[in-house]
There are 2 protein chains.
Amino acid sequence: MTNQLVFSALADPTRRNIFEGLRSGAKTVTELSAAQPVSRPAVSQHLKVLQEAGLVQAEPRGTRRFYTIRREGLAELRTYLDSFWSDVLSAYSAEITRNFGEK
Amino acid sequence: MTNQLVFSALADPTRRNIFEGLRSGAKTVTELSAAQPVSRPAVSQHLKVLQEAGLVQAEPRGTRRFYTIRREGLAELRTYLDSFWSDVLSAYSAEITRNFGEK
DNA sequence: GCTTACTGTAAGTCATCACTTACCAATAGT
DNA sequence: ACTATTGGTAAGTGATGACTTACAGTAAGC
């Protein structure tokens with residue numbers, strides 16, 4: 001399951017901060033690492049993980065690489081959560097009616 | 001941020017499997033651990049992490065404890081993702097119009 | 001009361017992983 | 001061509017965390 005990669009990618013605080021840094025749009029590695037308390041290579045490694053999880057994508061422009069959030073990755077996660085949500089809801093209402101019958 | 005706990009809780013494969021085991025409704029620790037390749041204490045520890053993340057809750061009944069998914073925890077996560085999603089979308093459309101203007 | 005079933009906690013071990021420094025590759029500007 | 005900027009990769013290290021076995025506690029059934 002590719003969801004595994006997504007969750008473990010977002011588990012690390014630094015990596016999640018980097019990811020959040022892309023909320024507002026495309027940024028380069030140096031821009032992103034300037035906002036983080038770790039070294040630039042560390043940020044590079046984090047971006048690699050995020051990319052492998054399908055959460056970000058890179059677009060090289062000159063010597064710089066602009067990273068952006070990959071919307072399909074986010075959509076996948078939302079879909080997963082939604083299916084989960086409906087399952088939980090129906091299990092819950094089933095439980096309710098079952099308890100009602102027992103009363 | 002409590003989201004941190006949620007993401008790191010769902011990052012571990014075994015823990016996510018346990019969590020998924022609760023999709024269909026309440027289960028005891030022994031029931032859950034029967035479906036997992038790890039020992040029962042390991043499952044107990046995972047459940048503790050899930051509970052601290054606000055993702056599950058326990059209801060003691062006799063010597064058994066029935067674990068269920070805490071719907072508020074899921075809702076929180078969905079809300080977070082939704083805010084993220086709208087940010088990303090608006091950043092994307094802003095990028096589009098900007099590129100359009102430059103052409 | 002005593003045993004049995006169910007669960008959480010303690011202590012210790014091993015692997016994973018986030019981070020650093022050092023290095024290399026490629027494009028841009030002068 | 002040469003230098004500077006940008007960024008990915010390699011190797012090594014330390015800490016975190018997932019797991020095991022052993023133990024302790026509590027409710028239920030006989």
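Letters go in sequence order (proteins before strands), and every chain restarts at 1. Everything quoted here is computed from the prediction, not taken from an experiment.
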Assess, by modelled atom type and distance only, whether the side chains of B:R65 and B:Y67 contain a donor and an acceptor separated by less than 3.5 Å. yes

How many Å lie between CG on A:N17 and P on C:dA18, as a whole number? 14 Å

Using OP1 and OP2 only, check whether a side-chain N or O of B:S39 sits under 4.0 Å from D:dT20. yes

What is the separation between atom CG on B:L5 and atom P on D:dT16, rounded to the nearest whole Å? 15 Å

So does B:T14 get a side-chain nitrogen or oxygen closer than 4.0 Å to the phosphate oxygens (OP1/OP2) of D:dC19? yes

How many whole angstroms separate atom CG of A:L47 from atom C1' of C:dC17? 16 Å

Please verify the inter-ring angle class for A:Y80 with A:F7; under 30° counts as parallel, over 60° as perpendicular, anything in between as tilted. perpendicular

Find which nucleotide of DNA chain C each of A:P37 and B:E31 is nearest to by heavy atoms, and output the residue with the more 5' nucleotide. B:E31

Report yes if some heavy atom in the side chain of A:I18 is under 4.5 Å from a heavy atom in the side chain of A:V43; otherwise report no. yes

More 5' along DNA chain D: B:A42 or A:T30, using each one's nearest nucleotide? A:T30

Interatomic distance, A:E52 CD vs D:dG8 C1' [rounded to whole Å]: 13 Å

Below 3.5 Å, does any donor atom in the side chain of B:Q45 face an acceptor in the base of C:dT7, or the other way round? no

Please work out if A:R40 contacts a base, only the sugar-phosphate, or nothing of the nucleic acid, heavy-atom cut-off 4.0 Å. base

So does A:T28 get a backbone contact from the side chain of A:E31, meaning a donor-acceptor N/O pair under 3.5 Å? yes

To the nearest Å, give me how far apart CD (A:Q51) and C1' (D:dG7) are. 13 Å

Is the shortest distance from a Lys or Arg side-chain nitrogen in B:R61 or B:E59 to a carboxylate oxygen in the other one below 4.0 Å? yes

So what does B:P60 hit on the nucleic acid, given a heavy-atom distance under 4.0 Å: a base, only sugar-phosphate, or nothing? nothing

Given atom CG of A:L32 and atom C1' of D:dG8, what is their separation to the nearest angstrom? 15 Å

Decide whether B:K27 and B:T30 meet the rule of one side-chain donor and one side-chain acceptor closer than 3.5 Å. no

Pick the nucleotide of DNA chain C nearest each of A:R61 and A:D12; which residue has the one closer to the 5' end? A:D12

Please state whether the phosphate of C:dT9, meaning OP1 or OP2, lies under 4.0 angstrom from any side-chain nitrogen or oxygen of B:S44. no

Heavy atom of residues 62-70 of chain B under 4.0 Å from DNA chain C: which residues? B:T63, B:R64, B:R65, B:Y67

Separation of atom CZ in A:R15 from atom C1' in D:dT16, rounded to whole Å: 14 Å

Pair up each side-chain donor or acceptor in residues 85-93 of chain B with any protein partner under 3.5 Å, not counting sequence neighbours, and list the distances.
residue, atom, partner, partner atom, Å
B:S86, OG, B:S83, O, 3.0
B:D87, OD2, A:R23, NH1, 2.6
B:S90, OG, B:S86, O, 3.2
B:S90, OG, B:D87, O, 3.0
B:Y92, OH, A:R71, NH2, 3.4
B:S93, OG, B:L89, O, 3.4
B:S93, OG, B:S90, O, 3.0

Send over the distance from B:Q4 CD to D:dG17 P, rounded to a whole Å. 10 Å

